[in-house]
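Presented below is the structure to which this report refers.
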Amino acid sequence: MDNDWSSTGFIPFLIALNANMTVLGLTGNTADSWALQCTLHALATLEHGNLSCIPVALGQPYPFMMTEQRFDMWTTLWGTLDWDGVFTPENLTYEAEGNDPTGGNPYRISKGAFIEGYPNTTYISQSAPEFMIEQVFKYPGQVSIYAAGSLTNVAAAIRMNGTFASTAKELVIMGGYVDLNLMQVQSALGQDLGADINFIVDPEAAHIALTADWQSITIAGNIANTQYLTAENITQTTLQSPNLYSDLLEVYYTGYPLWDETAAMIMAYPDVVASSEEVYMDVSTAYDSPFYGGTYLWGSDFAPSHARKVNYVTGLNTTVFWDKLMGTLSNPKQCVAGVPQFV
């Protein structure tokens, strides 16, 4: 599971575990913050819930081509975003107040941001792309790659091994918004919900990942904007079923959609998908354009030859979604004898 992990980013791996998937490992990538900080959050949130038997690998620090300077020039030419992710200018005062680092040195750590506790464990010696490749070839045709941050690590693995993608079972992506521009002009939140920061941080990686020869690609795009965790959900869980993650759940973001959680649910519980479309998809790498990092879809009769077919999820069975989510939050697994189990 590859993500820009945060203090409140633990639900996706709990969903996979609750569905009795074997989580081979977590990898951290650069998107909302730098890969090192996100990788340390992965270690810390696993440790917080007694799940340190799951290994963690450090991701690539830099996108394929995007830099702070390149990002700043692009936004100067084509307009700013409500959230610039890792390319938000460095603000040491903001970090001192307990926020993850952005801008500046990618190896900078903000310990104050670890409300889950700073990790005592460490990441493995293999890089994230190397670890992904190893696991895919160890279990050919069985490994799902979950990508909920930038696609830098996934694209690096593809470039390192030409049969990596075809040997995996599937790629599941959180990202790929389409036709949301009008919503973006109506509010700052709307601008954020329509800006595909996971792709914009590294458009070239998204293009590489989406055009590789996977057996299956599933996209949680617009649908990832539809489900919200409420204060009532949190209170219900923490009071009725207190567990090791209850304190972190109490500070879980309720003002934003369950983006990453939706993608994890689609991967772990396919019956949560109520409707989807088979379409062809790619991400624009045209820098001199407002659509840089943007998603475009085609039908089979109009798709360019390089585009690959994806399953674009358009509807959820919300009854299944919330039943599985509340079950996950009520009784998360813990490591027992080196294996995640219900206790």
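All heavy atoms count here, side chains included; hydrogens, waters and symmetry mates do not.
A donor and an acceptor atom, one from each side chain of Gln341 and Gln334, are nowhere located under 3.5 Å apart. In summary, the side chains of Asp260 and Asn3 do present a donor paired with an acceptor at a separation below 3.5 Å, with no hydrogens or angles considered. Judged by distance alone, the side chains of Asn120 and Glu47 do bring a donor and an acceptor atom under 3.5 Å apart. Judged purely by distance below 3.5 Å, without hydrogens or angles, the side chains of Glu116 and Thr45 never pair a donor atom with an acceptor atom. A side-chain donor-acceptor contact under 3.5 Å links Asp2 and Asn153. Asp282 and Trp298 are not linked by any side-chain donor-acceptor pair at a separation below 3.5 angstrom, with hydrogens and angles left out of the test. Between the side chains of Gln191 and Asp82, no donor N or O sits under 3.5 Å from an acceptor N or O. Inspection of the Thr27 and Asn29 side chains reveals no N or O donor paired with an N or O acceptor under 3.5 Å. Counted by atom type alone, Thr285 and Glu204 present zero donor-acceptor pairs between their side chains at under 3.5 Å. For the 3.5 Å distance criterion, the side chains of Thr152 and Asp202 qualify, holding a donor opposite an acceptor. There is a side-chain donor-acceptor pair under 3.5 Å between Tyr252 and Glu261. Defined by atom type and a distance below 3.5 Å, a donor-acceptor pair is present between the side-chain atoms of Glu130 and Ser127.
For the pair Pro63/Phe87, a side-chain contact is recorded, criterion being any heavy-atom separation below 4.5 Å from C-beta on. You'll find the side chain of Val143 stays beyond 4.5 Å of the side chain of Lys169, heavy atoms only. Counting heavy atoms from C-beta outward, Asn50 and Leu244 have side chains that approach closer than 4.5 Å. Side-chain contact between Ile208 and Arg159 is present, with heavy atoms from C-beta onward closer than 4.5 Å.
A donor-acceptor pair under 3.5 Å links the side-chain atoms of Arg308 to the main chain of Ala212, judged by distance alone. Lys333 places a side-chain N or O within donor-acceptor distance of the main-chain N or O of Leu17, the cut-off being under 3.5 Å. Ser289 contributes a side-chain N or O that, together with a main-chain N or O of Phe291, makes up a donor-acceptor pair within less than 3.5 Å. Of the possible polar contacts, one joining the Trp214 side chain to the Ala209 backbone as a donor-acceptor pair under 3.5 Å is found. In terms of modelled atom types and a separation under 3.5 Å, the side chain of Asn222 and the main chain of Val178 share a donor-acceptor contact. Put simply, the side chain of Ser187 gets close to the backbone of Gly190: a donor and an acceptor are under 3.5 Å apart. Of the possible polar contacts, one joining the Tyr269 side chain to the Ala19 backbone as a donor-acceptor pair under 3.5 Å is found. Of the possible donor and acceptor atoms, none in the side chain of Thr102 sits under 3.5 Å from a partner among the backbone N and O of Glu90. A donor-acceptor pair under 3.5 Å is absent between the side-chain atoms of Thr235 and the main chain of Glu232, judged by distance alone. Counting only distance, with no hydrogens or angles, the side chain of Arg108 and the backbone of Asn105 share a donor-acceptor pair below 3.5 Å.
Criterion: ILVMFWY side-chain heavy atoms under 4.5 Å apart, direct or through other members. Under it, Tyr107 and Val56 are part of a common hydrophobic cluster. Following chains of ILVMFWY side-chain contacts shorter than 4.5 Å, one can reach Trp259 starting from Leu316, so the two form part of one hydrophobic cluster. The hydrophobic clustering, which links ILVMFWY residues whose side-chain heavy atoms are closer than 4.5 Å, places Ile158 and Val283 together. Put simply, Leu40 and Leu51 are part of the same group of oily side chains (I, L, V, M, F, W, Y) that touch within less than 4.5 Å, one to the next. Linking ILVMFWY side-chain heavy atoms closer than 4.5 Å, directly or via other members, places Leu171 and Phe199 in a single hydrophobic cluster.
Counting non-hydrogen atoms of other residues, nucleotides and ligands closer than 6.0 Å to CD of Glu277 gives a total of 12 or fewer. When the shell of 6.0 Å around CG of Asp247 is examined, it contains more than 12 heavy atoms from other residues, nucleotides or ligands. Annotation: Tyr123, atom OH; neighbour count of heavy atoms from other residues, nucleotides and ligands within 6.0 Å does not exceed 12. Annotation: Met73, atom CE; neighbour count of heavy atoms from other residues, nucleotides and ligands within 6.0 Å does not exceed 12. Residue Tyr256 places its OH atom among 12 or fewer non-hydrogen atoms of other residues, nucleotides or ligands, all under 6.0 Å distant.
If you take CG on Leu26 and SG on Cys38, they are separated by 12.0 Å, rounding to the nearest 0.5 Å. In this structure, Thr295 OG1 and Asp179 CG are separated by 10.5 Å, a value rounded to the nearest 0.5 Å. Taking CG of Leu46 as the reference point, atom NE2 of His41 lies at 12.5 Å (rounded to 0.5 Å). Here the CE atom belonging to Met183 is positioned 7.5 Å from the CG atom belonging to Leu189, to the nearest 0.5 angstrom. Taken from OG in Ser330 to CG in Leu14, the straight-line distance is 11.5 Å, to the nearest 0.5 Å. Atom CG of Asp4 is separated from atom CD of Gln37 by 11.5 Å, given to the nearest 0.5 angstrom.
Residues Ile200 and Tyr292 share a closest heavy-atom pair of CG1-O, 4.0 Å. Across Leu180 and Asn225, no two heavy atoms sit closer than the pair CD1-ND2, 4.0 Å. The shortest non-hydrogen separation linking Met1 to Ala16 is SD-CB, 3.9 Å. Scanning both residues, Thr314 and Ile223, for their nearest heavy atoms gives O-CD1, 3.5 Å. Ala42 approaches Trp5 most closely through the heavy-atom pair CB-CD1, 3.5 Å. Considering every non-hydrogen atom in both Cys53 and Gly338, the closest pair reads CB-O, 3.6 Å.
Using bins of under 30°, 30° to 60° and over 60° for the plane-to-plane angle, the ring pair Phe10/Tyr245 lands in the parallel bin.
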Subject >> side chain to side chain contact (heavy atoms under 4.5 Å, CB included) between Leu210 and Ile219, intermediate numbers included >> reply: CA-CA 10 Å; Leu210 279 162; Ile219 304 296; 4.0 Å; yes
**OP:** Please assess Asn317 against Lys324 for the test side chain to side chain donor-acceptor pair (under 3.5 Å), listing each intermediate value before the final yes or no.
**Re:** CA-CA 11 Å; Asn317 182 325; Lys324 298 301 184 185; over 6 Å; no
Original post:
Can you list the steps and then say if Trp78 with Asp288 is a side chain to side chain contact (heavy atoms under 4.5 Å, CB included)?
Top reply: CA-CA 8 Å; Trp78 296 108; Asp288 191 13; 3.4 Å; yes
Original post:
What's the verdict on side chain to side chain donor-acceptor pair (under 3.5 Å) for Asp32 and Trp83, showing C-alpha distance, side-chain angles and the deciding distance?
Top reply: CA-CA 9 Å; Asp32 279 344; Trp83 170 236; 2.8 Å; yes
Subject >> Step-by-step side chain to side chain contact (heavy atoms under 4.5 Å, CB included) determination, Phe71 to Leu81 >> reply: CA-CA 11 Å; Phe71 180 87; Leu81 305 176; 4.0 Å; yes
Subject >> Gln126 vs Glu134, side chain to side chain donor-acceptor pair (under 3.5 Å): CA-CA, chis, key distance, verdict >> reply: CA-CA 10 Å; Gln126 287 175 299; Glu134 177 191 74; 3.2 Å; yes
Original post:
What do the steps show when you test Thr163 against Asn161 for side chain to side chain donor-acceptor pair (under 3.5 Å), and what is the final call?
Top reply: CA-CA 6 Å; Thr163 57; Asn161 188 296; 3.0 Å; yes
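Cation-pi geometry between Arg70 and Tyr287 is met: the NZ or CZ atom falls under 6.0 Å from the ring centre, inside 45° of the normal.
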